[in-house]
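Structure first, commentary second.
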Amino acid sequence: MKNEVNIFQSWITPANGGAPYKADFSEFYFGKNSEMLDGRQRLLWGGDIIGIPNLAEEFRQLTLHDRPSEGTYNSNVSTWRGFYRFYALTPDLPRINSVSDVTPVIALRFKQYLTIKGGSTSIYKRFKAIVDSHFKRTHKRLSSLPPADRHRDPEPVEPDFVGLQQLNLRLRGYARAQSTMRSEGSQLSARGIDPRGGRGIEGGWDISANHAHLIFLLTRKIVPDRSRLDDEGATRLYNGKFSRSVPGPQYLSPCHPPRATQGYVGKLRWRFLTKNDLAIYLWMFLLMSGLNYDSTLDVDISEDRNWFVPSLQDDDHVLIFSVKGKTGKIVYAPSKVKAEFHPFRIIRLLVGLSEPLRETLRQERKSLADENAASHSFERQRRIEKLDEGIRSPWLYCSLGQSGEVKWLDHRDAQAMNIIIRRVVADEALDIDHPLLATLTTTHTRDSMLNFAWRHSKRLSVPALAGGHGDFRSLRYYLARK
């Protein structure tokens, strides 16, 4: 891996210590159109932009100075791109050669443009933050741009506690079905023999038990990729007629494609989870803990002391905690220790199931770290820090689409989690008596927990403490008015 960048690109190590990322500013210098994109990127492209070199250079310098996180950088790029599009459509406005030339009039027109386009106020807030940062750095003061328009807070939805309880019970049925699938895989493995030692009926590749036996044998410590399967003489697990003709587990989790029962990755499900399997446990954790999606993903299982504290009064209770990545605040969730499908047991189960996946990441990390010690590469360093995230995460899974590659849930998977839970709701017909569940998202579980805490305590301090809120004002976004 090389640190290959041109003069319009830069590697940025975030000021908050996150993984380095490659920032590309070339579109702001030279422009960009849909012909330069392919496939999905072209479908999502919001409109062509014309390059403005002076603005591009100041935006680049500002980014290099502030060193934002990768997520903030991506948001800033999207916002700056939107401003370029607006500017190209308003030739009556004064010409801009510097960020310092952005006047209140231009900002007001930009706000109007965003309103017409249906953009959120957060876009203008980001734009003003970029301009303010430039003014502080260049002029030692804030800009005179008007603030974002205040909008009426959305009415929080009245939670359906009974519906959520029913959903949680149904999810347990799906989890038990997965447990049965893994148990069947273990039993098959015990009956099988290594097919690499024989042909035909006796010890051959045409017997499911032998495939299960080989899967369990090869994944004792890590999950081998295709090249390692080749080295182990197990190419037929992923290639050839026996790969798909010999069936794997027949159970499909919600939204699973048929191939989840076939081939090498399908048969890995006898022992490990795919993303759709893992979604069931994620949702049970969300419903039982009341943590939001990001805090749930931030649970750090590298050491027990990093994710739970034993109760001083009762051995059957712990306090699970997570450090919110955006704010650094600690949020808590109580859990029983022995009760099946409570948050503590869910994490313990996932950690136990995923140890070979975690060891796979550890070995890749060690290899990259050794290479980086000999010759540093930002690409390698980025991958190393991403691997560290995976090693700390309880939410590891085998990817269906990439020959069992080890991955872990992140913020980009929220929409997939929403789709899967809504399929569960529809398949179980829960939306008939509980229509709110048909629109369920990962944010609703957090909202419901805070509302439950408020209803049963009648004290704002309780939901504020449970949610890690520093004051009561932000609770208005969560507590229903009724």
Side-chain angles (χ1 to χ4, degrees), residues 5-12 14-15 21-37 41-153:
V5 292
N6 59 41
I7 61 174
F8 305 107
Q9 299 172 329
S10 299
W11 277 100
I12 296 176
Y21 58 91
K22 184 187 289 187
D24 189 346
F25 306 95
S26 56
E27 64 181 282
F28 300 117
Y29 287 92
F30 307 110
K32 193 171 186 178
N33 59 59
S34 60
E35 298 302 318
M36 302 166 67
L37 306 172
Q41 287 183 322
R42 183 176 297 178
L43 291 174
L44 298 175
W45 184 241
D48 299 346
I49 64 174
I50 299 173
I52 308 175
N54 288 351
L55 280 183
E57 179 60 20
E58 289 182 344
F59 180 67
R60 185 179 78 89
Q61 291 295 336
L62 188 63
T63 303
L64 295 179
H65 176 267
D66 291 348
R67 294 187 295 135
S69 67
E70 185 175 5
T72 300
Y73 163 76
N74 289 332
S75 296
N76 288 348
V77 166
S78 178
T79 297
W80 208 238
R81 200 180 281 145
F83 180 70
Y84 268 52
R85 290 177 180 133
F86 152 77
Y87 186 63
L89 294 173
T90 51
D92 58 308
L93 289 176
R95 295 300 85 190
I96 298 175
N97 291 309
S98 167
V99 178
S100 299
D101 295 334
V102 177
T103 64
V105 171
I106 293 174
L108 284 170
R109 289 282 295 274
F110 186 42
K111 280 206 293 184
Q112 294 170 355
Y113 166 83
L114 291 174
T115 300
I116 294 171
K117 296 280 287 185
S120 69
T121 57
S122 63
I123 298 176
Y124 179 78
K125 285 181 180 178
R126 283 197 298 268
F127 171 73
K128 185 177 185 303
I130 293 170
V131 176
D132 280 344
S133 183
H134 167 82
F135 268 75
K136 282 192 291 185
R137 183 166 176 256
T138 306
H139 306 291
K140 310 303 180 186
R141 63 177 178 84
L142 294 178
S143 72
S144 57
L145 302 193
D149 294 332
R150 296 195 62 170
H151 62 283
R152 184 176 178 179
D153 299 335

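Quantities reported herein were computed from a predicted structural model and do not represent experimental measurements. Any value given below was found using the heavy atoms of this structure, including those in side chains, with hydrogens, waters and symmetry copies removed.
- Proximity of a side-chain donor or acceptor of N74 to a complementary backbone N or O of G71 within less than 3.5 Å is not detected.
- Checking each of F110, F59, F86, Y113 against F127 for a ring-ring contact (aromatic ring centres under 6.0 Å, His included) leaves exactly one that passes, namely F110.
- Taken from CD1 in I12 to OG in S69, the straight-line distance is 10.5 Å, to the nearest 0.5 Å.
- Proximity of the aromatic rings of Y84 and Y87 is defined here by a centroid distance below 6.0 angstrom, and this criterion is not met.
- The OH atom of Y29 sits 9.5 Å away from atom CG of N54, with the distance rounded to the nearest 0.5 Å.
- Here the side chain of E27 pairs no donor or acceptor atom with the backbone of K32 at under 3.5 angstrom.
- Between I123 and R126, some side-chain heavy-atom pair lies under the 4.5 Å cut-off.
- In this structure, F8 CZ and R60 CZ are separated by 8.5 Å, a value rounded to the nearest 0.5 Å.
- Judged purely by distance below 3.5 Å, without hydrogens or angles, the side chains of S133 and D66 pair a donor atom with an acceptor atom.
- Taking each heavy atom of Q9 and D24 in turn, the nearest pair found is NE2-OD2, 3.1 Å.
- In this structure, CZ on F83 lies 7.5 Å from CD1 on I52, to the nearest 0.5 angstrom.
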Check your understanding: Can you list the steps and then say if I96 with I106 is a side-chain contact (heavy atoms from CB on, under 4.5 Å)?
Key -> CA-CA 10 Å; I96 298 175; I106 293 174; 3.8 Å; yes
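- A salt bridge links R109 with D92: the distance from a Lys NZ or Arg NE/NH1/NH2 to an Asp or Glu carboxylate oxygen falls below 4.0 Å.
- For the atom pair CZ of F28 and CD of E57, the computed distance is 13.0 Å after rounding to the nearest 0.5 Å.
- Atom CG of D48 and atom CZ of R85 lie 8.0 Å apart (nearest 0.5 Å).
- In this structure Y21 satisfies the ring-ring contact (aromatic ring centres under 6.0 Å, His included) test together with Y73, sequence neighbours excluded.
- Enclosure of atom CD1 in I50 is not indicated, since only 12 or fewer non-hydrogen atoms of other residues, nucleotides or ligands lie within 6.0 angstrom.
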Quiz: residues 139-148 side-chain donor-acceptor pairs under 3.5 angstrom, not counting sequence neighbours:
{"residue": "H139", "atom": "NE2", "partner": "S100", "partner atom": "OG", "Å": "2.7"}
{"residue": "S143", "atom": "OG", "partner": "D132", "partner atom": "OD1", "Å": "2.5"}
{"residue": "S143", "atom": "OG", "partner": "L145", "partner atom": "N", "Å": "3.4"}

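- Side-chain contact between V5 and S10 is absent, with no heavy atoms from C-beta onward closer than 4.5 Å.
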